[in-house]
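Worksheet: one structure, shown below.
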Amino acid sequence: MKDEANARIEEEAIIAMLMMRAKALGEKNAKDALSYEAKDSVEFSLAPPLAYYGQDEAGLQAWFDTWEGPIGGEVRDAKLTAGEDVAFWSGLMHMTGTKTDGAEVDLWFRQTLGLVKQDGRWLVAHQHASVPFAMDGSGRALLDLKP
């Protein structure tokens, strides 16, 4: 029973951290958003290049600055699997908002997070975001899919 209680406490801590991180991302606060990531994190983002290593506050803030107002979102089909000091989270993410050029964003994508517990805190150590692509040889990203 104690193990189940401890597991639930860890899951609640992870969910609380992810909610605070999501708030910082939505509010376009790069410094706060990165405070929930490991210093040596790895990110496979929707944007080039193929991989980002470590934290890039200036780069994240520059991307935030391409948005007019807050970045909206929701999560579907979230799943969390937590161990003692490693956890995995996955879900479907919905990103909405308006870019500074007036373009409206309404995008569903897949996200997987690898988390580690360091010095008593859960942090994002690995992130992977993706969209499916057409398997007809065109390589076209399928940006209009919805759950």
task: Evaluate the side chain to side chain contact (heavy atoms under 4.5 Å, CB included) criterion for residues I71 and L25: first the C-alpha distance (whole Å), next the side-chain angles of each, then the deciding distance (0.1 Å), finally the verdict.
output: CA-CA 7 Å; I71 301 169; L25 290 167; over 6 Å; no
task: Heavy atoms only: give me the nearest L145-P132 pair and the separation to one decimal.
output: CD1-CG, 3.6 Å
statement: Between T96 and D106 the two heavy atoms that sit nearest each other are CG2-OD1, 4.1 Å
- request: Evaluate whether atom NZ of K39 has more than 12 neighbouring non-hydrogen atoms of other residues, nucleotides or ligands under 6.0 angstrom away.
  value: no
task: Using salt bridge (charged side-chain N to carboxylate O under 4.0 Å, His left out) as the criterion, list what pairs up with R110, not counting sequence neighbours.
output: none
Closest non-hydrogen atom pair between L80 and I15, with its separation: CD2-CG1, 4.1 Å
message: Rounded at 0.5 Å granularity, tell me how far OG1 in T112 sits from CE in M93.
response: 11.0 Å
- prompt: For E37, does its backbone N or O pair with a side-chain atom of Q55 as donor and acceptor, under 3.5 Å?
  reply: yes
task: Only pairs at least two apart or in different chains count here, so list each ring-ring contact (aromatic ring centres under 6.0 Å, His included) that has a residue in residues 72-118.
output: H94-W108
query: For residues Q61 and D65, is any side-chain donor paired with an opposing acceptor at under 3.5 Å?
result: yes
- prompt: If every non-hydrogen atom of A33 is compared with every non-hydrogen atom of L60, which pair is closest and at what distance?
  reply: CB-CD2, 4.2 Å
field: Aromatic ring pairing H128/H126, orientation class (parallel under 30°, perpendicular over 60°, tilted between)
entry: tilted
side-chain hydrogen bond (donor to acceptor under 3.5 Å, both in side chains) partners for Q111, two or more places apart: none
- request: Mark yes when over 12 heavy atoms from residues, nucleotides or ligands other than K99 sit less than 6.0 Å from its NZ; otherwise mark no.
  value: yes
query: Y36, Y52: one ILVMFWY side-chain cluster at the under-4.5 Å cut-off?
result: no
message: With side chain to side chain contact (heavy atoms under 4.5 Å, CB included) as the criterion, how do V86 and K117 come out once you've worked through the C-alpha distance, each side chain's angles and the decisive distance to 0.1 Å?
response: CA-CA 6 Å; V86 176; K117 192 172 186 182; over 6 Å; no
- prompt: Which pair of heavy atoms, one from L123 and one from A38, lies closest together, and at what distance?
  reply: CB-N, 3.8 Å
Contact check, side chains of E10 and W122, non-hydrogen atoms, under 4.5 Å: yes
query: Going hydrophobic residue to hydrophobic residue with side-chain gaps under 4.5 angstrom, can you get from L34 over to M19?
result: yes
field: L115 and M17: CA distance, side-chain angles, deciding distance, side chain to side chain contact (heavy atoms under 4.5 Å, CB included) verdict
entry: CA-CA 11 Å; L115 304 118; M17 180 276 289; 3.2 Å; yes
- prompt: Is it true that V105 and L143 fall in one hydrophobic cluster, defined by side-chain heavy atoms closer than 4.5 Å?
  reply: yes
field: Shared hydrophobic cluster, I9 / L18 (ILVMFWY, side-chain heavy atoms < 4.5 Å)
entry: no
field: Ionic contact status for R8 with E12, cut-off 4.0 Å
entry: yes
message: If I take atom CG from residue D3 and atom CD from residue E84, how far apart are they, to the nearest 0.5 angstrom?
response: 9.5 Å
query: How far does CE of M95 sit from CG of L46, to the nearest 0.5 angstrom?
result: 6.0 Å
Shortest non-hydrogen contact from F64 toward A30: CE1-N, 3.5 Å
- prompt: Rounded to the nearest 0.5 Å, what separation is found between the CD atom of E43 and the CG atom of L113?
  reply: 9.5 Å
